[in-house]
*Asks:* 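Following this message is one structure expressed as structure tokens.
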Amino acid sequence: MKKYAAIAAIMMITTAPVFAAQGGFNGPSATATQTQTQQGGFVDNDANLTTAAKVKDLKDDSWVKLRGNITERLSDDRYTFRDESGTVNVEIDNKRWNGVTVTPQDKVELQGKVDKEWNDFEIDVKQVIKLNK
């Protein structure tokens with residue numbers, strides 16, 4: 001009996017990495033990007049890029065990626081973001097800066113969620129990336 005338990009344990013240990021390497025969703029509604037990401041390869045970082053003008057049409061809690069400039073500080077953690085399409089207010093908590101310092105001349109990439117309340121909306125920024133010029 002112990003022999004079977006030992007064999008079963010060895011089989012589980014040796015096959016677990018094979019199943020773990022296949023992670024993610026790969027079903028009938030999986031997109032080509034999802035499948036490609038699981039297998040490795042090139043992923044276009046601009047694919048999920050949106051603009052300040054399009055943000056107002058997105059649903060609450062939609063994830064967005066914006067590229068442009070932070071032009072003005074409105075309050076403690078609220079700023080104005082501008083890209084070629086227009087402006088949008090963003091909320092950046094102090095912990096999200098991660099030591100990055102930017103000026104209005106620096107191009108940044110902001111990643112976060114749309115936060116809609118009644119007739120107002122802003123982006124709740126989760127990551128700030130200073131881009132090379």
Side-chain angles (χ1 to χ4, degrees):
M1 187 68 164
K2 291 182 183 180
K3 187 186 300 186
Y4 293 117
I7 291 172
I10 291 171
M11 288 178 57
M12 288 182 2
I13 290 171
T14 58
T15 58
V18 172
F19 293 119
Q22 295 176 357
F25 176 72
N26 191 10
S29 63
T31 64
T33 304
Q34 289 171 325
T35 305
Q36 182 180 13
T37 302
Q38 292 173 6
Q39 297 173 354
F42 175 75
V43 176
D44 185 6
N45 285 334
D46 292 339
N48 297 326
L49 197 61
T50 191
T51 64
K54 291 181 184 177
V55 168
K56 66 179 177 226
D57 298 327
L58 297 175
K59 294 180 181 179
D60 188 36
D61 291 333
S62 297
W63 281 93
V64 295
K65 183 190 302 184
L66 302 164
R67 287 193 186 142
N69 303 80
I70 298 172
T71 58
E72 182 182 4
R73 184 177 190 173
L74 303 173
S75 67
D76 186 39
D77 58 357
R78 292 201 169 26
Y79 303 85
T80 301
F81 172 85
R82 175 180 296 281
D83 64 11
E84 62 279 347
S85 71
T87 63
V88 65
N89 290 341
V90 297
E91 179 183 350
I92 307 174
D93 294 334
N94 288 333
K95 66 182 178 183
R96 302 298 182 193
W97 288 104
N98 289 327
V100 174
T101 301
V102 299
T103 67
Q105 292 75 35
D106 294 322
K107 189 167 186 179
V108 296
E109 178 177 292
L110 303 180
Q111 298 178 19
K113 295 190 324 183
V114 176
D115 184 18
K116 289 191 174 184
E117 295 179 9
W118 300 105
N119 295 327
D120 194 24
F121 68 93
E122 66 184 11
I123 304 300
D124 184 12
V125 176
K126 303 298 182 187
Q127 185 174 20
V128 178
I129 302 169
K130 185 175 180 178
L131 301 174
N132 296 331
K133 294 191 179 200

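Residue indices begin at 1 and follow the sequence shown.
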*Asks:* Does any N or O in the side chain of K116 come within less than 3.5 Å of the main-chain N or O of K56, such that one atom is a donor and the other an acceptor?
*Replies:* yes

*Asks:* Okay, side chain of K107, backbone of R67: is any donor-acceptor separation there less than 3.5 Å?
*Replies:* no

*Asks:* Mind checking whether I92 and V100 sit in one hydrophobic cluster, side chains of I, L, V, M, F, W, Y counted as touching below 4.5 Å?
*Replies:* yes

*Asks:* Working to the nearest 0.5 angstrom, can you tell me the gap between D60 CG and E117 CD?
*Replies:* 8.0 Å

*Asks:* Is there a donor-acceptor pair under 3.5 Å between the side chain of D83 and the backbone N or O of S85?
*Replies:* yes

*Asks:* Run the salt bridge (charged side-chain N to carboxylate O under 4.0 Å, His left out) test against D124 and tell me which residues pass, sequence neighbours left out.
*Replies:* K126

*Asks:* Report the distance from atom CZ of F81 to atom CG of N89, rounding to the nearest 0.5 Å.
*Replies:* 12.0 Å

*Asks:* Under a 4.5 Å cut-off applied to non-hydrogen side-chain atoms, are L66 and L49 in contact?
*Replies:* no

*Asks:* How long is the straight-line distance from OG1 of T50 back to CG of L58, given to the nearest 0.5 Å?
*Replies:* 5.5 Å

*Asks:* Going by side-chain contact (heavy atoms from CB on, under 4.5 Å), V125 matches just one of D77, V108, V90. Which one?
*Replies:* V90

*Asks:* May I have the list of side-chain donor-acceptor pairs in residues 68-76 shorter than 3.5 Å, sequence neighbours left out?
*Replies:*
| from | atom 1 | to | atom 2 | distance (Å) |
| --- | --- | --- | --- | --- |
| N69 | ND2 | P104 | O | 3.1 |
| N69 | ND2 | D106 | O | 3.0 |
| T71 | OG1 | T80 | O | 3.4 |
| R73 | NE | S75 | O | 3.1 |
| R73 | NH2 | D76 | O | 2.9 |
| R73 | NH2 | D76 | OD1 | 3.4 |

*Asks:* Are V55 and V114 side-chain neighbours, meaning at least one heavy-atom pair lies under 4.5 Å?
*Replies:* yes

*Asks:* Could you note down all residue pairs passing ring pair (Phe, Tyr, Trp, His ring centres under 6.0 Å) where residues 88-125 supplies at least one of them, sequence neighbours left out?
*Replies:* Y79-W97

*Asks:* Could you tell me the separation between the NZ atom of K54 and the OG1 atom of T51, rounded to the nearest 0.5 Å?
*Replies:* 5.0 Å

*Asks:* Does some side-chain heavy atom of D115 sit less than 4.5 Å from a side-chain heavy atom of K113?
*Replies:* no

